[in-house]
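Working notes, structure below.
These numbers were taken from a predicted model, which means no experiment stands behind them.
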Amino acid sequence: QVQLVESGGGLVQAGGSLRLSCAASGRTFSSYAMGWFRQAPGKEREFVAAISWSGEWTSYADSVKGRFTISRDNAKNTVYLQMNSMKPEDTAVYYCAARSGRDGRTSSYEYDYWGQGTQVTVSS
């Protein structure tokens, strides 16, 4: 079992930056691939970024490529999402997710554990 707790959300102006953190419980964090997803009001949950257990492999949605960076610190059981050059369309609830296995995935159906989400609002 893995419990995930996101933090770092808030209100930011367009062009600004935020860093989200996701702290995981459990002693086997390094055996899980991790992902970030987001859901805007009235829209389906969508993939944002994913990272393999080692951090060597990452993947990004086209909409955030070049602006967002996913990373992890296995010693701290934490995964991060650095968000730069933010846009109003980045406004959403951001969720951290973990999947059993070392390889990252872009589909939400492949993730086993989810955090409660953190709100990110980008003003224009």
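With Val122 as the fixed residue, the side chain to side chain contact (heavy atoms under 4.5 Å, CB included) test singles out one of Leu11, Leu18, Asp90: Asp90.
Using modelled atom types, one side-chain atom of Asn74 and one backbone atom of Trp53 make a donor-acceptor pair closer than 3.5 Å. Here the side chain of Tyr113 pairs no donor or acceptor atom with the backbone of Ala24 at under 3.5 angstrom. Counting only distance, with no hydrogens or angles, the side chain of Gln82 and the backbone of Thr69 share no donor-acceptor pair below 3.5 Å. In this structure a side-chain-to-backbone donor-acceptor pair under 3.5 Å is missing from Glu46 to Arg38. Side-chain atoms of Thr58 do not come within 3.5 Å of backbone N or O of Ala50 as any donor-acceptor pair. Remark: side-chain polar atoms of Arg99 are not paired, donor with acceptor, to backbone N or O of Ala33 under 3.5 angstrom. Between the side chain of Glu6 and the main chain of Gln116, a donor-acceptor pair closer than 3.5 Å is present.
Heavy atoms only, all atoms of each residue included: Ala23 and Thr78 are closest at CA-OG1, 4.2 Å. Here the closest heavy-atom approach between residue Met83 and residue Val120 is recorded as CE-CG2, 4.0 Å. A pairwise comparison of heavy atoms in Ala14 and Pro88 identifies CB-CD, 4.1 Å as the closest pair. Taking all atoms of both residues into account, the shortest heavy-atom contact from Thr106 to Phe47 is O-CB, 3.3 Å. Shown here for Met86 and Arg67, the closest heavy-atom pair between the two residues is CA-NH1, 3.7 Å. Considering all non-hydrogen atoms of both residues, Cys22 and Leu4 come closest at SG-CB, 3.9 Å.
A cation-pi geometry, defined here as NZ or CZ lying under 6.0 Å from the six-membered ring centre and within 45° of its normal, does not hold between Arg105 and Tyr111. In this structure, Arg45 is positioned above the aromatic face of Trp114, its NZ or CZ under 6.0 Å from the six-membered ring centre and within 45° of the axis.
Atom OG in Ser100 sits 4.5 Å away from atom OH in Tyr32 (nearest 0.5 Å). One finds the OG atom of Ser31 at 7.5 Å from the CZ atom of Arg102 (value rounded to the nearest 0.5 Å). Atom OG of Ser21 and atom CG of Asp73 lie 10.5 Å apart (nearest 0.5 Å). The OG1 atom of Thr118 sits 11.0 Å away from the CG atom of Leu81 when rounded to the nearest 0.5 Å.
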Salt bridge (charged side-chain N to carboxylate O under 4.0 Å, His left out) between Lys65 and Asp62: does it pass, once the steps are laid out? CA-CA 5 Å; Lys65 201 171 293 184; Asp62 287 343; 3.2 Å; yes

After noting the C-alpha distance and the side-chain angles of Gln39 and Tyr94, does the key distance pass the side-chain contact (heavy atoms from CB on, under 4.5 Å) rule? CA-CA 7 Å; Gln39 188 166 18; Tyr94 283 70; over 6 Å; no

Under the side chain to side chain donor-acceptor pair (under 3.5 Å) criterion, do Ser52 and Asp103 qualify, and how do the steps go? CA-CA 5 Å; Ser52 64; Asp103 298 327; over 6 Å; no

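Ile70 and Tyr80 fall into different hydrophobic clusters, where Ile, Leu, Val, Met, Phe, Trp and Tyr residues are linked whenever their side-chain heavy atoms come under 4.5 Å apart, directly or through other members. In the hydrophobic cluster analysis, where Ile, Leu, Val, Met, Phe, Trp and Tyr join through side-chain heavy atoms closer than 4.5 angstrom, Leu20 is grouped together with Phe68.
Aromatic pair Tyr95/Phe37: centroids not less than 6.0 angstrom apart.
Two residues are said to be in side-chain contact when any heavy atoms from C-beta on lie closer than 4.5 Å; Val79 and Cys96 meet this criterion. For the pair Glu89 and Thr91, the minimum side-chain heavy-atom distance is 4.5 Å or more.
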